[in-house]
Amino acid sequence: MAPAWADSLRLRVPENPIIPPMALVQVAYWSDALRKDHACHVLLPNESEGPFDVLFLLHGLSDDSSAWTRKSLVERHVQGRQLVVVMPDGGRGFYTDAKVAGAKWETALAVELPKLVRRWFHVARGPWAVAGLSMGGYGALKFALKHPETFDRGVSMSGALLFGSGEDWRDDDFAREFQPVLGDSPKGGPDDLLAIAKGLDPAKAPRLRIDCGTEDFLLGQNRSFHEGAPLEHEYEELGGGHTWDYWDRQVQVALEFIAGPKR
């Protein structure tokens, strides 16, 4: 029976017990690849023992590992799913091993961290899923394309998909910061998503989904990748900009996509 105050406040008290909230864990660990202490946030299911599927959820350029839990309702969206959500800190490194100056972000997060996650938590061996927004959208597709043995499903939301080619950079300050990451001749190299996609056997390609808002400044980059990539993929343009309202909506679509059939 609902308490009297519930009627007065017009609150709905559910008849059945609610799904237990997920555990949010911050893991501080040593990274050999980064040569420093590092951290990630992890959402863990409470209602069963696993082994669980895994989603690596990557943040954008100006965020950190806490962004998804602070700025979206991702914890609510994944409740009831048998899924461990790993949210690593990618700095401002575009999930790339720097060529001239910077850190080995790809090695740290696409190679080293999955091994640690398997050691820490009761998870399936894989392959797993990876998704991200903006810088993280680029990182998600790159991880899936270059490491399909670990990530067989990749989702980009508002991704900076031409970053690795050195094309369509916004201004000189951006170029000065990231030229040391990619080196002098990035087009066609190991961080150019179109070049990677063209060199991949379609039969061994991961399942990919790409979406972008029609008011997003990165829409042109998403269209270019969609039109140029020879691999089968989902592509969608929707109303919205480069905002957390958009990403909170689209991460729900991403969760449905990764819950579908694996490669």
Side-chain angles (χ1 to χ4, degrees), residues 43 55-78 81 85 87-96 129-145 151 153-171 173-175 177-178 191-194 196-197 206-260:
L43 286 168
L55 168 65
F56 270 44
L57 191 56
L58 309 182
H59 65 75
L61 181 64
S62 60
D63 290 317
D64 61 17
S65 64
S66 71
W68 276 103
T69 54
R70 290 190 297 113
K71 299 178 181 180
S72 80
L73 297 176
V74 66
E75 182 174 354
R76 181 181 299 177
H77 300 326
V78 297
R81 297 178 183 268
V85 183
M87 296 164 284
D89 194 324
R92 291 175 62 87
F94 267 90
Y95 304 99
T96 293
V130 57
L133 66 88
S134 194
M135 178 182 82
Y138 164 80
L141 291 199
K142 184 163 78 165
F143 284 9
L145 290 170
F151 303 105
R153 290 149 288 160
V155 180
S156 168
M157 296 165 275
S158 312
L161 302 187
L162 297 187
F163 168 81
S165 67
E167 298 179 25
D168 203 22
W169 286 3
R170 288 170 286 172
D171 53 44
D173 287 341
F174 192 89
E177 180 176 0
F178 294 107
D191 304 302
D192 182 339
L193 292 186
L194 275 174
I196 299 167
R207 290 179 60 235
L208 301 178
R209 174 181 164 80
I210 300 162
D211 66 67
C212 192
T214 52
E215 290 79 54
D216 196 307
F217 71 94
L218 290 174
L219 180 60
Q221 295 197 26
N222 283 262
R223 287 176 174 171
S224 293
F225 183 86
H226 167 57
E227 294 165 1
L231 303 177
E232 182 179 347
H233 60 276
E234 286 189 12
Y235 180 77
E236 190 172 16
E237 295 179 9
L238 309 103
H242 210 71
T243 67
W244 277 100
D245 286 342
Y246 179 87
W247 301 320
D248 186 63
R249 183 179 75 214
Q250 291 308 116
V251 74
Q252 299 173 68
V253 179
L255 288 167
E256 292 302 317
F257 176 81
I258 68 168

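Quick note: numbers below take in every heavy atom, side chains included, and nothing from hydrogens, waters or symmetry partners.
Using bins of under 30°, 30° to 60° and over 60° for the plane-to-plane angle, the ring pair His233/Phe225 lands in the tilted bin. Ring geometry for Tyr235 versus His226: interplanar angle under 30°, hence parallel rather than tilted (30 to 60°).
With Asn222 contributing its side chain and Gly159 its backbone, the two residues share a donor-acceptor pair below 3.5 Å. No donor-acceptor pair under 3.5 Å is formed between the side chain of His59 and the backbone N or O of Trp68. In this structure, the side chain of Lys142 engages the main chain of Tyr95 through a donor-acceptor pair within 3.5 Å. No donor-acceptor distance shorter than 3.5 angstrom exists from the side chain of Arg209 to the backbone of Ala131, with no hydrogens or angles considered. Checked by atom type and distance alone, the side chain of Gln252 pairs as donor or acceptor with a backbone atom of Asp248 at under 3.5 Å.
Rounding to the nearest 0.5 Å gives a distance of 8.0 Å between CG of Leu255 and NE2 of His77. Taken from CD1 in Ile210 to OG in Ser158, the straight-line distance is 11.5 Å, to the nearest 0.5 Å.
With no hydrogens or angles considered, no side-chain donor-acceptor pair links Thr243 and Asp245 at under 3.5 Å.
Evaluation of the side chain to side chain donor-acceptor pair (under 3.5 Å) rule for Arg76 yields no partner, not counting sequence neighbours.
The shortest heavy-atom contact between Ala229 and Ala197 is CB-CB, 4.5 Å.
Between Phe56 and Phe151, the ring center distance clears the sub-6.0 Å criterion.
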